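These numbers come from the heavy atoms of this one structure, side chains and all, not from hydrogens, waters or symmetry mates. So that the names make sense, note that chain A is the first sequence line, chain B the second, and so on, each numbered from 1. Given the structure is predicted, the values throughout are model-derived calculations rather than measurements.
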Amino acid sequence: MRSVMLSEVVSVLSRIRATASKNEKIFIAADFLASVPRDQLADTARLMIGQLLPSDFGSPGIGFADLKAVRDITLQKSLFSERLTVARVAEAFKTISSISGRKARQRKASVLRGLLIDATREEIEFLLGCMTGDVRAGFSEGLLIEAIAKASGREASAVREMFGILTDVGRVADAVLGGGDKGRAAVLEPMRPVKLMLAEPSMNIRQALASVSLPAAVEYKLDGIRVQIHISRDQIRIFSRRQTDVTDALPEIVEAVRAVSVSSAILDGEVIAFTDKPLPFQEVMRRVTREKDVMGEAERTPVRLFLFDVLYLDGEPLIDLAYEERIERLKRIAPAELLVPRKIIASEADAERFLEKSLSEGHEGVLIKSLKGIYQLDRRSADWIKVKEHITIDAVVIGAEWGHGRRSNWLSNYHLGVKSRDGFVMVGKTFKGVSDAELKRLTDLLLMEVEEDHGSWVKVRPNIVLEIAFNEIQRSPKYPSGMALRFARVVRIREDKSADDVTTEEELRRIMQQQFLSKAERMK
DNA sequence: CCTGTCTGCCC
DNA sequence: ATTCTGC
DNA sequence: GCAGAATGGGCAGACAGG
């Protein structure tokens with residue numbers, strides 16, 4: 001049986017990159033996949049979207065910082081022989097990811113060099129691109145799944161659901177195109193983490209209700225970590241949104257789940273840090289990433305679980321049931337104190353009141369959910385819509401970075417300053433919320449203000465003012481003001497304003513302190 | 001042993 | 001995570 | 001409406017280097 005060469009993948013991808021048409025990309029990819037021998041499908045499919053390892057395999061553990069030297073050395077010696085196979089590439093990266101301990105970086109780099117020494121220039125650029133997320137062929141997970149469907153003659157929606165269960169494109173390619181009984185592995189069952197359903201963002205209640213029919217459900221939106229809880233008899237595992245096992249970091253959540261009376265289940269919910277009120281996201285983040293002294297951290301930072309869905313119960317998948325039916329089951333099995341606050345609403349005013357209530361208790365916002373919607377794995381559909389609070393300020397640009405990819409020729413990442421006693425202090429960066437036209441305009445404006453040219457970025461005189469929206473002010477260990485804007489985005493360019501008009505450091509600090517107060521404290 | 005940097009993964 | 005753009 | 005691209009702050013842990 002033939003071996004698939006890395007050069008084939010690279011050349012297929014350059015054809016895919018060359019067309020803007022999604023259908024054409026899918027067609028080229030499907031055609032290629034149809035020619036790949038079964039035993040190499042998984043590795044080939046992953047490589048086509050720049051993935052070097054199965055999604056549950058861990059990661060190479062060698063990144064941007066180590067790559068430049070490797071690239072320069074190997075480019076000089078490269079032999080142009082086109083002899084690397086996809087299988088050898090996959091093997092090498094499994095080895096690299098397994099290396100740890102003393103001098104691990106050097107040892108990883110040397111395995112990588114051993115691989116790249118046999119690669120052509122194009123192959124080297126491709127493999128390093130895979131490691132830095134720089135492949136840029138306009139071809140990713142979604143289109144690959146469509147290509148797998150096309151190559152097999154199956155419905156794209158069925159293949160997509162399979163991906164939601166298997167969570168790895170290689171396994172999907174195997175199951176769909178590999179023949180045999182591999183397809184049977186694609187069933188929902190406890191202890192195998194899946195891709196969760198996501199919500200579509202919306203500016204406000206009115207806009208959200210434009211796409212959900214009434215009556216609908218509203219739920220508090222909690223600012224924590226999304227979790228899927230798998231129960232099988234006395235076993236309980238907690239996985240994150242991206243299928244990381246976080247059970248060991250959350251012992252009290254495991255205990256709380258013992259109150260759920262089922263033989264088997266997959267539950268969906270959010271874990272937040274909580275005392276008598278919700279604590280900032282950073283607190284729960286500390287909990288889930290903790291491995292040492294978990295118990296000590298658990299005492300300092302209590303967490304709570306709030307469940308909002310059930311995907312599987314007592315041997316039966318529930319994802320094809322309507323939301324209202326799933327919630328009925330959830331209420332039957334879980335104690336009320338583990339359920340996210342929710343309500344059925346019949347009007348926009350109901351929804352607004354519930355949002356106000358959620359915010360006044362210190363939560364992030366609300367989700368509006370269609371009563372009839374099924375649970376769609378790995379989909380962001382209009383059946384779930386999220387509405388979050390945001391704040392806007394005026395900030396002045398004090399620096400800017402040159403963009404990459406389609407933003408190559410523009411200053412695209414703006415350093416934001418607010419006014420302090422002497423000058424301006426930086427409170428974050430943003431590249432979001434800017435249309436191509438604004439990108440051009442801002443580049444022109446900023447180039448007139450350049451004070452220092454640092455190559456990849458410029459320091460500018462503080463004359464360009466932007467209206468900035470953000471969700472929260474975080475405590476920052478990095479910025480001297482101790483504050484950073486979370487999810488900052490540009491609302492508009494304020495050519496009518498000057499640096500004198502921008503928000504002050506004191507104002508920002510006041511807003512931050514407000515966030516940390518409970519409802520009762522805020523009323524004072 | 002201490003500190004700084006990198007990485008992966010939460011949002 | 002959020003936002004914009006092209007299909 | 002969907003998919004992809006471009007890039008944010010901050011957390012712990014792993015490793016590098018003195």
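A sub-4.0 Å separation between OP1 or OP2 of dG6(C) and a side-chain N or O of Lys22(A) is absent. For the pair Ser476(A) and dG10(D), the criterion of a side-chain N or O lying under 4.0 Å from OP1 or OP2 is met. Under 4.0 angstrom from either OP1 or OP2 of dG13(D) there lies no side-chain N or O belonging to Thr289(A). In this model, the phosphate group of dC11(D) is approached by a side-chain N or O of Gln282(A) to a distance below 4.0 Å at OP1 or OP2. Within the structure, a side-chain polar atom (N or O) of Arg160(A) is placed less than 4.0 Å from OP1 or OP2 of dA3(D).
Mapped onto DNA chain C by nearest heavy atom, Ala437(A) and Arg380(A) fall at different nucleotides, with Arg380(A) at the one closer to the 5' end. Mapping Leu198(A) and Glu438(A) onto DNA chain C by nearest heavy atom places Leu198(A) at the nucleotide closer to the 5' end. Remark on DNA chain D: of its neighbouring residues His404(A) and Glu297(A), the 5'-side contact belongs to His404(A), judged by nearest-heavy-atom nucleotide. Nucleotides of DNA chain D nearest to Lys478(A) and Phe139(A) differ in position, and the one nearer the 5' end is that of Phe139(A).
Looking at the side chain of Arg241(A), the nearest of the listed nucleotides dT2(C), dC11(B), dG9(D) is dC11(B). Considering only side-chain atoms of Arg286(A), the nucleotide from dC10(B), dA12(D), dG13(D) that sits closest is dA12(D). When each of dA3(D), dA16(D), dC10(B) is scored by its nearest atom to the side-chain atoms of Leu143(A), the top-ranked nucleotide is dA3(D). Closest to the side chain of Phe281(A), from the set dG13(D), dC11(B), dC11(D), is dC11(B). Ranking dG9(D), dC15(D), dT7(B) by closeness to the Ser100(A) side chain, first place goes to dC15(D). Here the nucleotide nearest the side chain of Ala20(A), chosen from dG10(D), dC7(C), dA14(D), is dC7(C). Relative to the side chain of Lys432(A), the nucleotides dC4(C), dG10(D), dT3(C) differ in distance, and dT3(C) lies closest. Counting only heavy atoms from C-beta on, Arg489(A) has its side chain closest to dT2(C) among dG8(B), dT2(C), dC6(B). Here dG10(D) is the nucleotide among dG10(D), dA1(C), dA14(D) with the atom lying nearest to any side-chain atom of Tyr479(A). Nearest to the side-chain atoms of Asp66(A) among the listed nucleotides dC6(B), dG9(D), dG17(D) stands dC6(B).
Using atom C1' as the reference point in both dA1(C) and dG8(B), the two lie 16 Å apart (nearest Å).
Using a 4.0 Å heavy-atom criterion, one finds that Arg226(A) contacts the sugar-phosphate atoms exclusively. In this structure, Gly403(A) reaches the sugar-phosphate backbone alone: every heavy-atom distance under 4.0 Å involves primed, P, OP1 or OP2 atoms, never a base. The residue Ser21(A) sits close only to the backbone: its heavy atoms come under 4.0 Å of sugar-phosphate atoms, none of a base. Residue contacts for Lys108(A): at a heavy-atom cut-off of 4.0 Å it reaches no nucleic acid atom on any strand shown. Using a 4.0 Å heavy-atom cutoff across all strands shown, Asn23(A) reaches no nucleic acid atom at all. Counting non-hydrogen atoms under 4.0 angstrom, Val434(A) reaches the backbone sugars and phosphates but no base. If you check every strand for non-hydrogen atoms under 4.0 Å, Arg379(A) touches sugar and phosphate atoms only. Among the atoms of the strands shown, none is found under 4.0 Å from any heavy atom of Lys25(A). No contact: Ala469(A) has no heavy atom under 4.0 Å from any strand.
Between Lys429(A) atom NZ and dA1(C) atom P the separation is 22 Å, expressed in whole Å. The CD atom of Glu472(A) sits 19 Å away from the P atom of dC10(B) (whole-angstrom rounding). Residue Leu196(A) contributes atom CG, which lies 9 Å from atom P of dC11(B) at whole-angstrom precision. Atom CZ in Phe239(A) sits about 12 Å away from atom P in dC10(B), given to the nearest Å. The CG atom of Asn471(A) sits 13 Å away from the C1' atom of dT3(C) (whole-angstrom rounding). If you take CZ of Phe487(A) and P of dC11(B), they are 9 Å apart, rounded to a whole angstrom. In this structure, Asp293(A) atom CG and dG13(D) atom P are separated by 9 Å, rounded to whole Å. Whole-Å rounding puts the Arg406(A) CZ to dC4(C) P distance at 12 Å.
The pair Lys369(A)-Asp309(A) fails the salt-bridge criterion, with no side-chain N (NZ, NE, NH1 or NH2) lying under 4.0 Å from an Asp/Glu carboxylate O. Between Glu283(A) and Arg286(A), at least one side-chain N (NZ, or NE/NH1/NH2) sits under 4.0 Å from a carboxylate O, which counts as a salt bridge. The residues Asp168(A) and Arg46(A) are annotated as salt-bridged, a charged nitrogen and a carboxylate oxygen being separated by less than 4.0 angstrom. The pair Lys429(A)-Glu401(A) meets the salt-bridge criterion, with a side-chain N (NZ, NE, NH1 or NH2) lying under 4.0 Å from an Asp/Glu carboxylate O. With respect to Arg226(A) and Asp268(A), a salt bridge is recorded, a charged nitrogen being found less than 4.0 Å from a carboxylate O. Using a 4.0 Å cut-off between a side-chain N of Lys or Arg and a carboxylate O of Asp or Glu, Glu505(A) and Arg509(A) qualify as a salt bridge. Remark: Glu297(A) engages Arg300(A) in a salt bridge, criterion side-chain N to carboxylate O under 4.0 Å.
With Phe516(A) as the aromatic partner, Arg475(A) meets the cation-pi criteria of under 6.0 angstrom to the ring centre and within 45 degrees of the ring axis.
Contact of Lys103(A) with dC15(D) (side chain to base): no donor-acceptor pair of N or O atoms is detected under 3.5 Å.
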